[in-house]
Amino acid sequence: MAESVQTNPTNVRKIMGNLRNTGLIKTINGRAQTVVAKDINEISFYDIYQSLDNKELFQVDTNTEPRCVVGGSIQEILQDDYALLQTTVEEKMKQISLGTVLHQLATIEVQKKRGNQDIVAKFL
């Protein structure tokens, strides 16, 4: 899986652990088999996002030069805008289900490679 998403296997294990700890997936120790623990249509992107360690999409850089015209005040300026953006994106995440995305993925996959229809059939 790590190779497929081009990341370190440790990152994948950490994310999978978070998803398991929040009850979104079930895993079996020593086996490379993961099962979604809930109906995919009941899992929102927000649920997945909440399982991650970092829950801020936008972060104000606190390591700016306080004597700088921009760096000295930018945190105050961006803080409210970033909070609004965070709330807006989180509300949108609640409207997008894993099931919807998997259905879209399956539809596109079948269009690209008809031979993979059996693999993605349960999401169509």
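Values below: every heavy atom of this structure, side chains too, minus hydrogens, waters and symmetry copies.
Applying the salt bridge (charged side-chain N to carboxylate O under 4.0 Å, His left out) definition to pairs two or more places apart or across chains, those involving residues 62-76 are E65-R67. Screening residues 80-92 for salt bridge (charged side-chain N to carboxylate O under 4.0 Å, His left out), with sequence neighbours left out, gives E91-K94. Applying the salt bridge (charged side-chain N to carboxylate O under 4.0 Å, His left out) test to pairs two or more places apart or on separate chains, none has a residue in residues 34-50.
Minimum heavy-atom separation, A37 to G23: CB-O, 3.3 Å. Shown here for S97 and N41, the closest heavy-atom pair between the two residues is CB-O, 3.7 Å. In terms of heavy-atom proximity, I96 sits nearest to V101 at CG2-CG2, 3.8 Å. T22 and L19 get closest at one heavy-atom pair: OG1-O, 3.2 Å.
Atom CG of L24 sits about 12.5 Å away from atom OG1 of T34, to the nearest 0.5 Å. Interatomic distance, I15 CD1 to I25 CD1, rounded to the nearest 0.5 Å: 10.5 Å. In this structure, the separation between CG on L102 and CD1 on I43 is 9.0 Å, given to the nearest 0.5 Å. The CG atom of N18 sits 12.5 Å away from atom CD1 of I48, with the distance rounded to the nearest 0.5 Å. The line from CD of Q86 to CD of E56 is 6.5 Å long, rounded to the nearest 0.5 Å.
In this structure, a donor-acceptor pair under 3.5 Å is present between the side chains of Q75 and T64.
By the criterion of side-chain heavy atoms lying less than 4.5 angstrom apart, applied directly or through intervening Ile, Leu, Val, Met, Phe, Trp or Tyr residues, F45 is grouped together with L85 in one hydrophobic cluster. V69 is not connected to L78 by any chain of hydrophobic side-chain contacts under 4.5 Å among Ile, Leu, Val, Met, Phe, Trp and Tyr, and they are in different clusters. Taking hydrophobic clusters as Ile, Leu, Val, Met, Phe, Trp and Tyr residues chained together by side-chain heavy-atom distances below 4.5 Å, I77 does not share a cluster with V60. Residues L105 and I40 are members of one and the same hydrophobic cluster, defined by side-chain heavy-atom contacts under 4.5 angstrom among Ile, Leu, Val, Met, Phe, Trp and Tyr.
For N21 (side chain) and G17 (main-chain N/O), a donor-acceptor pair under 3.5 Å exists by modelled atom type.
Qualifying salt bridge (Lys or Arg N to Asp or Glu O under 4.0 Å) partners for D53, counting only residues two or more places apart in sequence or in other chains: K14. For Y82, the ring pair (Phe, Tyr, Trp, His ring centres under 6.0 Å) test picks out F58, with sequence neighbours left out.
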Practice problem: Assess whether side chain to side chain contact (heavy atoms under 4.5 Å, CB included) is satisfied between Q33 and T27, documenting all intermediate values. | Solution: CA-CA 6 Å; Q33 183 179 6; T27 59; over 6 Å; no
Exercise. Start with the C-alpha gap between M93 and L57, add the side-chain angles, then the distance that decides, and say whether side chain to side chain contact (heavy atoms under 4.5 Å, CB included) holds.
Key: CA-CA 12 Å; M93 284 180 180; L57 294 171; 4.2 Å; yes
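Hydrophobic cluster membership of I119, counting Ile, Leu, Val, Met, Phe, Trp and Tyr whose side-chain heavy atoms lie under 4.5 Å apart directly or via other members: V110, V120, L124.
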